[in-house]
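Because the structure is a prediction, the values reported are computed rather than measured. We count residues from 1, following the sequence as given.
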Amino acid sequence: MDMILRLLQVAARYGRLLLVAGLVAGVALPSLALQLRPWLQELVALLVFLAALRIGPKDAIGALKDIPTVSAITLLYQVILPVLFIVLFAALGMLDSVLATAIILMAAASPVSGSPNLTIMVDGDPAPALRLLVISTAVLPLTIIPVFFWVPAFGAPASVFVASGKLLLVIAVATILAFAVRHFFMKRPKQSTISAIDGASAIAMAVIVVGLMSSVGTTLFEDPIVFFKWLAAAFAVNFGLQFLAFFVLGKTNLTNERVPFSIIAGNRNIALFLVALPKEAIDPVLLFIGCYQIPMYLTPILLRALYAKPSTP
């Protein structure tokens with residue numbers, strides 16, 4: 001047991017490198033990626049469990065005064081932002097393009113399940129990220145309605161209701177189990193224990209990304225120009241939203257939540273739509289979904305300097 005704990009602590013120390021290793025494996029080993037895809041839901045549940053276990057119920061739930069703030073951020077990220085993208089692409093005559101479909105879907109999605117873990121890797125407070133993750137996922141069946149109304153090519157929203165409901169159930173069960181473990185067995189965990197949990201989270205995230213990149217490796221080797229075009233688009237929208245959120249939130253009284261909320265602005269659970277949308281709607285954006293994992297998993301490395309700055313305006 002002591003050896004396992006030490007190995008997990010080493011994994012925590014090199015967590016950002018593990019994410020890079022997961023990206024490389026996802027690109028280089030497409031057959032492994034296909035084998036892991038059926039296990040994504042279980043891996044997501046494990047990731048949420050580890051995040052909730054690290055944070056604990058007191059910090060995760062937070063004060064009741066946080067609810068209006070989290071609700072406002074959810075409305076901004078999952079309703080207003082995708083509608084703005086719809087208006088923009090419609091004005092440009094690009095609403096029917098694959099690029100528009102991909103970016104609108106990304107903006108309409110709830111936070112990526114690993115957002116608390118990404119926050120931890122830049123030394124931020126993961127509790128606001130977990131609160132926003134839970135609330136945003138809970139209301140996704142409602143916030144997705146405007147997007148489906150304006151972009152009917154996505155199909156009926158009923159399938160997304162079911163998929164987001166399943167995701168919410170997974171998050172709720174994993175969180176409750178983690179809080180139970182904290183209450184009965186880990187009321188005051190040592191720093192070494194917290195470090196081991198961080199290491200387990202890093203390993204889980206590295207494995208998850210392999211399963212999400214099954215279409216990336218093939219395109220990279222067969223048509224690298226197309227791959228790099230989509231990769232550039234993924235970086236632009238992901239990092240662009242993170243920079244924008246970080247700048248805007250720095251002008252508000254949300255400086256304490258600035259880091260997790262900025263990370264979530266650019267990192268959304270677009271992979272949820274893999275099981276929610278019609279095949280003809282989702283197939284064209286599979287490459288974007290794979291490329292989108294790259295800036296997501298490089299966030300703790302490439303944007304660490306940004307998030308390490310003092311969070312005062």
Side-chain angles (χ1 to χ4, degrees), residues 12 15 44 47-81 106-140 143 164 167-168 170-172 174-176 178-179 182 189 194 197-198 201-202 204-205 238-239 241-269 296-297 299-300 303-313:
V44 166
L47 196 60
V48 174
F49 173 85
L50 292 170
L53 184 66
R54 185 194 196 277
I55 296 166
K58 183 178 178 180
D59 290 336
I61 295 172
L64 291 177
K65 63 182 178 64
D66 291 340
I67 294 179
T69 297
V70 173
S71 300
I73 293 294
T74 298
L75 178 67
L76 173 63
Y77 283 4
Q78 291 178 206
V79 178
I80 296 175
L81 182 61
M106 180 279 304
S110 53
V112 64
S113 302
S115 52
N117 310 85
L118 292 173
T119 305
I120 290 168
M121 289 185 181
V122 296
D123 299 324
D125 180 8
L130 184 61
R131 291 196 286 269
L132 185 57
L133 169 64
V134 172
I135 291 179
S136 297
T137 304
V139 301
L140 180 62
T143 60
S164 59
L167 181 63
L168 176 61
V170 168
I171 290 173
T175 301
I176 291 171
F179 288 170
R182 276 292 293 257
I194 295 295
I197 294 173
D198 290 344
S201 298
M205 291 188 69
N238 187 311
F239 281 10
L241 288 174
Q242 290 193 64
F243 275 108
L244 179 62
F246 190 79
F247 173 78
V248 172
L249 291 174
K251 307 299 181 182
T252 71
N253 61 352
L254 297 178
T255 52
N256 291 335
E257 296 85 8
R258 187 184 188 186
V259 171
F261 287 173
S262 297
I263 288 174
I264 286 175
N267 292 295
R268 310 292 189 84
N269 193 12
M296 179 189 301
Y297 277 63
T299 289
L303 299 188
R304 182 174 176 79
L306 172 71
Y307 292 135
K309 293 179 180 179
S311 57
T312 53

For the atom pair CG (Asn267) and CD (Gln242), what is the distance rounded to the nearest 0.5 Å? 4.5 Å
Quick one: pull up CE in Met296 and CZ in Phe239 and give me the separation to the nearest 0.5 Å. 10.5 Å
Contacts of Ser136 that satisfy side chain to side chain donor-acceptor pair (under 3.5 Å) - sequence neighbours left out: Thr74, Gln78
Separation of Ile80 CD1 from Ile73 CD1 (nearest 0.5 Å): 10.0 Å
Could you tell me which residues satisfy side chain to side chain donor-acceptor pair (under 3.5 Å) with Ser262, sequence neighbours excluded, listed by chain and number? none
For Val259 and Gly124 the tightest heavy-atom approach is CG1-CA, 4.4 Å
Thr175 side, atom OG1; Leu133 side, atom CG - distance, nearest 0.5 Å: 7.5 Å
Under 3.5 Å: donor-acceptor pair, side chain of Arg268, backbone of Ala109: yes
Looking only at side-chain N and O atoms, does Thr69 offer a donor or acceptor that is under 3.5 Å from a partner on Glu257? no
Quick check for you: to the nearest 0.5 Å, what is the distance between Thr299 atom OG1 and Leu118 atom CG? 6.5 Å
So, for Ala178 and Leu53, which heavy atoms are closest and what is the spacing to 0.1 Å? CB-N, 3.5 Å
Between Met106 and Gly266, the two heavy atoms sitting closest are SD-O, 4.4 Å
When you compare the side chain of Leu130 with that of Thr119, does any pair of heavy atoms fall below 4.5 Å? no
Side-chain touch Asn269/Thr137, heavy atoms, less than 4.5 angstrom: no
Nearest 0.5 Å, please: how far is CG in Asp125 from CG in Asn256? 8.5 Å
Between Arg54 (side chain only) and Ile194 (backbone N and O only), is there a donor and an acceptor less than 3.5 Å apart? no
Of all heavy-atom pairs between Leu249 and Leu254, which one has the smallest distance, and what is that distance? CD2-CD1, 3.8 Å
For Tyr77 and Phe261, the nearest pair of non-hydrogen atoms, with its separation, is OH-O, 2.8 Å
Is there side-chain contact between Phe246 and Leu303, with heavy atoms separated by less than 4.5 Å? no
Donor-acceptor contact below 3.5 Å, side chain Arg304 vs main chain Met121: yes
